[in-house]
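Just so you know, residue 1 is the first one in the sequence shown, and it goes up from there. The figures here come from the full heavy-atom set of this structure, side chains too, leaving out hydrogens, waters and symmetry mates.
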Amino acid sequence: MANSASGMAVHDDCKLKFLELKAKRNHRFIVFKIEEKIQQVIVEKVGGPDESYDDFASSMPADECRYAVYDFDFTTNENCQKSKIFFIAWAPDTSRVRSKMLYASSKDRFKRELDGIQVELQATDPSEMSLDIIRGRAL
């Protein structure tokens, strides 16, 4: 089903992979891209459970927008093991203006398809989604 505002559909695989990340914890992260030719959000890359945050960060292209979800495991100050699912809207300054507008206008509809996101982050450069920032937003 396409969104009237941006005309963007969401491929079933996006929801399926997200459910696997959330429920089965098969994945550490998922990177999504908008395939403009077919007006659909698709899965671009899936990171295995043993991949690190650096693996995830290096999956984000330097000059193209992406959406991503990252399953962040951490220990609270009370020594409890927890995890939070982050949604990251990646829109680097060097990406095309049209691309930034497309990702911005499709973001809310896409996020609604992924039930269970706990923290949202917008980043235009790698420093805005550093591990320290992720950790700070999780606690």
Engineer: Consider only side-chain heavy atoms of I, L, V, M, F, W and Y, link residues closer than 4.5 Å, and tell whether Val119 and Val31 are in one cluster.
Structural biologist: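 Looking at the clustering, Val31 is in the same group as Val119.
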Engineer: Please test Ile85 against Phe72 for side-chain contact (heavy atoms from CB on, under 4.5 Å), starting from the C-alpha separation and ending with a verdict.
Structural biologist: CA-CA 6 Å; Ile85 297 173; Phe72 179 62; over 6 Å; no
Engineer: Look at Arg96 together with Glu64 and state whether they make a salt bridge at an N to O cut-off of under 4.0 Å.
Structural biologist: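 Salt bridge flag = no for Glu64 with Arg96.
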Engineer: Quick one: are Pro92 and Thr124 in side-chain contact, heavy atoms under 4.5 Å?
Structural biologist: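 They are not in side-chain contact.
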Engineer: Do Asp63 and Ser95 make a side-chain contact, defined as non-hydrogen atoms from C-beta onward lying under 4.5 Å apart?
Structural biologist: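 No, too far: nothing below the 4.5 Å cut-off.
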Engineer: With side chain to side chain donor-acceptor pair (under 3.5 Å) as the test, would you mind laying out the steps for Ser127 and Asp125 before giving the verdict?
Structural biologist: CA-CA 6 Å; Ser127 68; Asp125 127 331; 2.5 Å; yes
Engineer: Which one of Phe32, Phe56, Phe87, Phe18 satisfies the ring-ring contact (aromatic ring centres under 6.0 Å, His included) criterion with Tyr70?
Structural biologist: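 Per the ring-ring contact (aromatic ring centres under 6.0 Å, His included) rule, the option paired with Tyr70 is Phe56, out of Phe32, Phe56, Phe87, Phe18.
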Engineer: Less than 4.0 angstrom from a charged side-chain N to a carboxylate O is my criterion; do Asp73 and Arg25 meet it?
Structural biologist: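 Arg25 and Asp73: salt-bridged.
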Engineer: With rounding to the nearest 0.5 angstrom, report the OG1 to CZ distance, Thr75 to Arg135.
Structural biologist: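 Taking OG1 in Thr75 and CZ in Arg135, the distance rounds to 9.5 Å.
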Engineer: More than 12 heavy atoms of other residues, nucleotides or ligands under 6.0 Å from NZ of Lys82: is that the case?
Structural biologist: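 Check fails, neighbour count at 12 or below.
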Engineer: State whether Arg28 and Asp50 are salt-bridged, where the test is any N-O pair (Lys NZ or Arg NE/NH1/NH2 against Asp/Glu carboxylate O) under 4.0 Å.
Structural biologist: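 Judged by the 4.0 Å cut-off on N to carboxylate O distance, Arg28 and Asp50 do not form a salt bridge.
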Engineer: Side-chain contact, heavy-atom cut-off 4.5 Å: Glu36 with Arg98?
Structural biologist: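 Yes, at least one pair of side-chain atoms sits under 4.5 Å.
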Engineer: Would you say Asn26 and Leu21 make side-chain contact, with heavy atoms under 4.5 Å?
Structural biologist: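 Result no, sub-4.5 Å side-chain heavy-atom pair not found.
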Engineer: Can you hop from Tyr53 to Ile133 via hydrophobic side chains spaced under 4.5 Å?
Structural biologist: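 In one cluster: yes.
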Engineer: Just wondering, more than 12 heavy atoms not from Asp115 lying within 6.0 Å of its CG?
Structural biologist: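 Check fails, neighbour count at 12 or below.
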Engineer: If you define the side chain from C-beta out and look only at heavy atoms, does anything of Ile134 sit under 4.5 Å from Ile88?
Structural biologist: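 The answer is yes, as the side chains (C-beta and beyond) meet within the 4.5 Å cut-off.
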Engineer: Would you call Lys22-Glu20 a salt bridge at under 4.0 Å N-O?
Structural biologist: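 Answer for the salt bridge query: no.
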Engineer: Under a plain distance cut-off of 3.5 Å, with no hydrogens placed, do Asp132 and Ser130 share a side-chain donor-acceptor pair?
Structural biologist: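 Result is no, nothing qualifies.
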Engineer: Minimum heavy-atom separation for Leu139 to Thr76, with atom names?
Structural biologist: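 In terms of heavy atoms, the two residues are closest at CD2-CA, 4.2 Å.
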Engineer: State the CG-CD1 distance between Asp12 and Ile42, to the nearest 0.5 angstrom.
Structural biologist: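 With rounding to 0.5 Å, CG (Asp12) is 13.5 Å from CD1 (Ile42).
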Engineer: Are Phe86 and Val69 connected, step by step, through hydrophobic side chains (Ile, Leu, Val, Met, Phe, Trp, Tyr) whose heavy atoms are closer than 4.5 Å?
Structural biologist: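 Shared cluster, no.
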Engineer: Go through the steps for Glu51 and His27 under the test side-chain contact (heavy atoms from CB on, under 4.5 Å), then give the verdict.
Structural biologist: CA-CA 9 Å; Glu51 292 203 44; His27 316 300; over 6 Å; no
Engineer: Can you name the nearest heavy-atom pair linking Ala62 to Thr94, along with the distance?
Structural biologist: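 Here Ala62 and Thr94 meet closest at O-OG1, 3.0 Å.
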Engineer: Give the minimum heavy-atom separation between Asp55 and Ser59, together with the two atoms involved.
Structural biologist: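 Taking Asp55 first and Ser59 second, the nearest heavy atoms are O-OG, 2.9 Å.
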Engineer: Check step by step if side-chain contact (heavy atoms from CB on, under 4.5 Å) holds for Gln39 and Ile34.
Structural biologist: CA-CA 7 Å; Gln39 293 290 294; Ile34 293 176; 5.8 Å; no
Engineer: Cys65 pairs by side-chain contact (heavy atoms from CB on, under 4.5 Å) with which of Lys33, Lys100, Met60?
Structural biologist: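 Of the listed options, the one satisfying the test is Lys100.
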Engineer: Testing the basics here: between Val46 and Val43, what is the closest heavy-atom pair and its distance to 0.1 Å?
Structural biologist: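 In this case the closest contact between Val46 and Val43 is CG2-CG1, 3.6 Å.
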Engineer: Heavy atoms only: give me the nearest Ser83-Asp71 pair and the separation to one decimal.
Structural biologist: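 Shortest heavy-atom separation between Ser83 and Asp71 comes out as OG-OD1, 3.3 Å.
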Engineer: Using the rule that Ile, Leu, Val, Met, Phe, Trp and Tyr join whenever any side-chain heavy atoms are under 4.5 Å apart, tell me whether Met101 and Phe110 fall into a single cluster.
Structural biologist: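 No; tracing contacts between hydrophobic side chains, which count when under 4.5 Å, never links both residues.
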Engineer: So among Arg137, Lys111, Lys84, which one has a salt bridge (charged side-chain N to carboxylate O under 4.0 Å, His left out) with Glu120?
Structural biologist: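 Going through the options one by one, the only one that passes is Lys111.
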Engineer: Between Met8 and Leu102, is any pair of side-chain heavy atoms under 4.5 Å apart?
Structural biologist: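 They are in side-chain contact.
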Engineer: Is there a chain of hydrophobic side chains (I, L, V, M, F, W, Y, each step under 4.5 Å between heavy atoms) that links Ile117 to Leu121?
Structural biologist: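 No.
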Engineer: Work out which heavy atom in Pro61 is nearest to a heavy atom in Trp90; give both atom names and the distance.
Structural biologist: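 Smallest interatomic distance, heavy atoms only, reads O-NE1, 2.8 Å.
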Engineer: Report yes if some heavy atom in the side chain of Glu44 is under 4.5 Å from a heavy atom in the side chain of Tyr67; otherwise report no.
Structural biologist: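 Sidechains of Tyr67 and Glu44: no contact.
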Engineer: Under 4.5 Å between any side-chain heavy atoms of His11 and Glu35, yes or no?
Structural biologist: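 No, too far: nothing below the 4.5 Å cut-off.
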